[in-house]
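Read the numbers this way: they start at 1 and go in the same order the structure lists the ligands and their atoms. Treat the numbers as computed from the prediction; the structure is a model and nothing was measured. The analysis underlying the following values was restricted to heavy atoms, covering all of them including side chains, and did not include hydrogens, waters or symmetry mates.
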Amino acid sequence: MPKPQPINRLKGFRDILPEDWHYWEFALDTIEDTVMAAGFERADVPVIEKSDLFARSVGEETDIVGKEMYTFDTSKMSDNGRVKDKTLVSLRPEFTAGIVRAYIENGMHTFPKPVSLYAIGKCFRHDNPQAGRYREFTQASVEVFGVSDPLMDANLISVLWEMFSRLKIKGLKLDINSIGCNECRPKIKKLFADYFKRKESKLCEDCRKRLKKNPYRIMDCKEEKCQNIVATAPLAIDNICEECKKHFMSVLEYLDDMGVSYNLAPTLVRGLDYYNRTVFEISASEGRQSSLGGGGRYDYLVEQMGGEPTPALGFALGVDRIVDWLKDNSIKIPKPKAKVHVYGIHLGEDAKKIILRKIKDLRSLNISTGLAIGKDSIKAQLKAADKVNAFFSIIIGQREAVTNCAIIRDMRDGVQETVELDDLNKRVYEMVEERLKEQEEDRGKKVKTKVK
Ligand code: HAM
């Protein structure tokens with residue numbers, strides 16, 4: 001029989017292996033700690049939604065919806081295999097659309113304002129994979145509903161800024177711009193349309209289409225020939241109305257007050273349709289895939305999607321790119337917290353049976369345990385316990401098996417004590433509890449030192 005061929009993963013999709021998980025854990029924990037400290041609550045939304053949701057919010061003409069969505073026709077899956085109405089569903093390419101839907105569908109407009117939500121999970125975009133650009137990637141999306149005050153724009157940007165400082169990512173550039181509101185955008189759109197119409201023959205094919213549907217989009221084109229035309233185009237910021245100007249100036253003043261440095265980026269419009277007024281992007285270096293996060297206001301989206309008129313704003317981070325950056329720059333991240341509290345080590349057949357029983361007992365007491373069955377020497381098993389940062393090892397050798405005892409070894413300093421098997425569960429439970437308490441106290445001390 002021929003040897004079966006292995007099946008490889010799809011292009012643009014990745015395996016995240018244990019050796020990288022501590023980077024992921026650090027990034028995800030840091031993001032979550034920062035947003036929770038800023039009063040955000042987690043709200044998960046489905047990975048699949050009706051395609052219309054994304055078309056109506058992100059925008060049908062955007063690259064994300066127009067070219068990159070994984071869309072399936074589920075009508076064939078209807079009852080009895082009969083084709084009912086054509087139902088197109090898509091894997092989410094981002095979170096904002098789903099969170100807005102959830103906000104409306106769950107009546108969150110009745111909640112006290114602001115409603116501050118975050119979500120973390122996989123998103124999917126069928127773009128050409130490159131370094132930093134994946135077809136399956138993880139976003140952390142942070143959204144605030146119900147506040148139009150520019151103070152909230154500045155506050156949200158400062159949360160983003162703080163997140164990156166906690167993530168130890170340096171040399172960042174925060175680009176910011178205002179793209180106007182429903183009052184001034186039609187005028188700006190016309191200015192763009194008139195200007196780009198005159199240059200139409202020099203634009204790329206996509207931009208010629210954008211010219212008809214949404215000339216704002218051309219500002220975002222990465223083609224060099226279009227970039228050259230964009231360089232001399234009229235700017236949204238020079239043509240926004242007085243109210244938008246006032247709003248933007250206040251955002252900048254608050255940022256100055258908080259010591260958040262920014263870069264005025266008059267050509268920044270962002271690649272999604274729902275934005276108005278403040279838009280921003282944060283990047284680590286020059287280049288196409290350098291954007292680590294971005295966001296802005298979307299004051300009309302909730303109403304546009306069938307909800308009450310509700311000002312809103314948010315941003316999303318690309319966690320894969322953050323992890324890539326941490327790895328590429330060899331950033332030292334804190335040692336992972338012990339996940340395995342107690343590691344079982346044995347020597348000989350009798351000891352093997354005892355350790356298996358004892359580890360099962362400890363697991364039922366909610367103590368996380370590990371075992372190195374298959375490794376012969378005690379030394380190799382101790383090394384394995386060390387690798388997973390276990391607090392303690394329980395060692396049962398041939399002598400202990402005969403005398404009904406076990407050795408508890410503190411993996412921090414190597415100090416050992418021998419206990420009778422009958423007392424083992426109680427003693428280990430006490431020791432683990434004590435160690436977890438110490439860890440909590442250490443965390444508290446670190447926070448206090450920071451406060452001083
Ligand atoms: P976005 O700029 O499309 O915005 O994506 C946000 C971040 O997700 C990017 O800055 C990037 O780090 C990451 N990202 C996007 N595509 C990929 C990819 N193919 N591979 C790896 N990382 C990627 C949004 O999605 C908006 N929903 C942000 C927002 C939230 N605006 C308001 N609230």
Side-chain angles (χ1 to χ4, degrees), residues 11-14 16 27 31 35 40 43 45 49 53-54 57-59 62-70 91-103 115-145 152-153 156-157 159-160 163-164 167 169 172-176 179 217 220 222 268-285 287-302 310-326:
K11 201 172 146 196
F13 288 69
R14 294 187 308 156
I16 300 169
I31 291 167
V35 289
F40 286 81
V45 291
E49 302 261 9
L53 176 75
F54 303 111
S57 53
V58 177
T62 59
D63 285 353
I64 297 173
V65 171
K67 295 183 186 167
E68 298 167 8
M69 278 212 303
Y70 282 86
L91 292 179
R92 63 182 174 215
E94 56 105 59
F95 272 103
T96 313
I99 296 178
V100 166
R101 183 206 41 72
Y103 178 88
V115 178
S116 306
L117 305 173
Y118 75 94
I120 301 178
K122 300 283 188 188
C123 294
F124 303 84
R125 295 184 190 177
H126 193 275
D127 199 356
N128 273 339
Q130 287 181 1
R133 198 210 278 154
Y134 308 106
R135 288 183 171 168
E136 180 195 48
F137 58 99
T138 299
Q139 265 197 359
S141 203
V142 179
E143 318 289 347
V144 188
F145 296 91
M152 196 48 101
D153 307 38
L156 193 75
I157 293 171
V159 171
L160 175 74
M163 213 176 261
F164 280 103
L167 284 164
I169 298 187
L172 292 176
K173 183 161 75 92
L174 175 75
D175 285 338
I176 188 166
I179 55 169
R217 299 247 60 75
D220 209 34
K222 302 289 184 285
L268 178 73
V269 292
R270 306 261 307 128
L272 303 92
D273 273 359
Y274 46 62
Y275 292 117
N276 67 291
R277 289 201 166 156
T278 320
V279 288
F280 51 90
E281 217 161 75
I282 194 153
S283 46
S285 56
R288 209 180 144 106
Q289 257 49 257
S290 61
S291 166
L292 299 178
R297 270 205 170 268
Y298 49 93
D299 293 327
Y300 309 113
L301 186 59
V302 178
T310 310
L313 65 162
F315 66 77
L317 300 176
V319 187
D320 305 69
R321 291 186 189 172
I322 289 171
V323 169
D324 289 351
W325 193 94
L326 293 171

Lys/Arg-Asp/Glu bridge criterion (N-O < 4.0 Å) met for [X], [Y]:
X      : Y      : result
Arg217 : Asp63  : no
Glu281 : Arg270 : yes
Glu49  : Arg101 : yes

Could you tell me whether the side chains of Glu143 and Thr96 share a donor-acceptor contact shorter than 3.5 Å?
-> yes
Any chance the side chains of Thr278 and Asp153 put a donor and an acceptor closer than 3.5 Å?
-> yes
If the contact criterion is a heavy-atom separation under 4.0 Å, does [X] count as touching ligand 1?
X      : answer
Gly271 : no
Phe315 : yes
Ser283 : no

Taking heavy atoms and a distance under 4.0 Å, where does [X] meet ligand 1: side chain, backbone, both or neither?
X      : result
Glu281 : neither
Tyr298 : side chain
Arg135 : neither
Arg133 : both
Tyr274 : side chain
Pro93  : neither
Leu292 : backbone

Among [options], which one puts a heavy atom closest to [atom]?
atom                    : options                        : value
atom 28 (C) of ligand 1 : Ala131, Ser57, Gly294          : Gly294
atom 30 (C) of ligand 1 : Asp63, Val58, Thr96, Val100    : Thr96
atom 7 (C) of ligand 1  : Glu136, Arg270, Glu143, Gln139 : Gln139

Among protein heavy atoms, which sits nearest to [atom], and what does the distance come to when rounded to 0.1 Å?
atom                    : value
atom 15 (C) of ligand 1 : Arg125 NH1, 3.5 Å
atom 19 (N) of ligand 1 : Tyr134 O, 2.8 Å
atom 14 (N) of ligand 1 : Phe137 CE1, 3.6 Å
atom 22 (N) of ligand 1 : Arg321 NE, 3.5 Å

Short N or O distance, Ser141 and ligand 1, threshold 3.5 Å exclusive = no
For ligand 1, find out whether one of its N or O atoms is nearer than 3.5 Å to an N or O atom of Gly293.
-> yes
Lys/Arg cation over aromatic Tyr134: Arg14, 6.0 Å, 45° cone = yes
So, Tyr274 versus Tyr298, ring centres under 6.0 angstrom or not?
-> yes
Salt bridge (charged side-chain N to carboxylate O under 4.0 Å, His left out), paired with Asp127, selected from Arg133, Lys222, Lys67 = Arg133
The atoms of ligand 1 lying under 4.0 Å from a heavy atom of Tyr275, numbered in the order shown, are 26 (C), 28 (C), 29 (C), 31 (N), 32 (C)
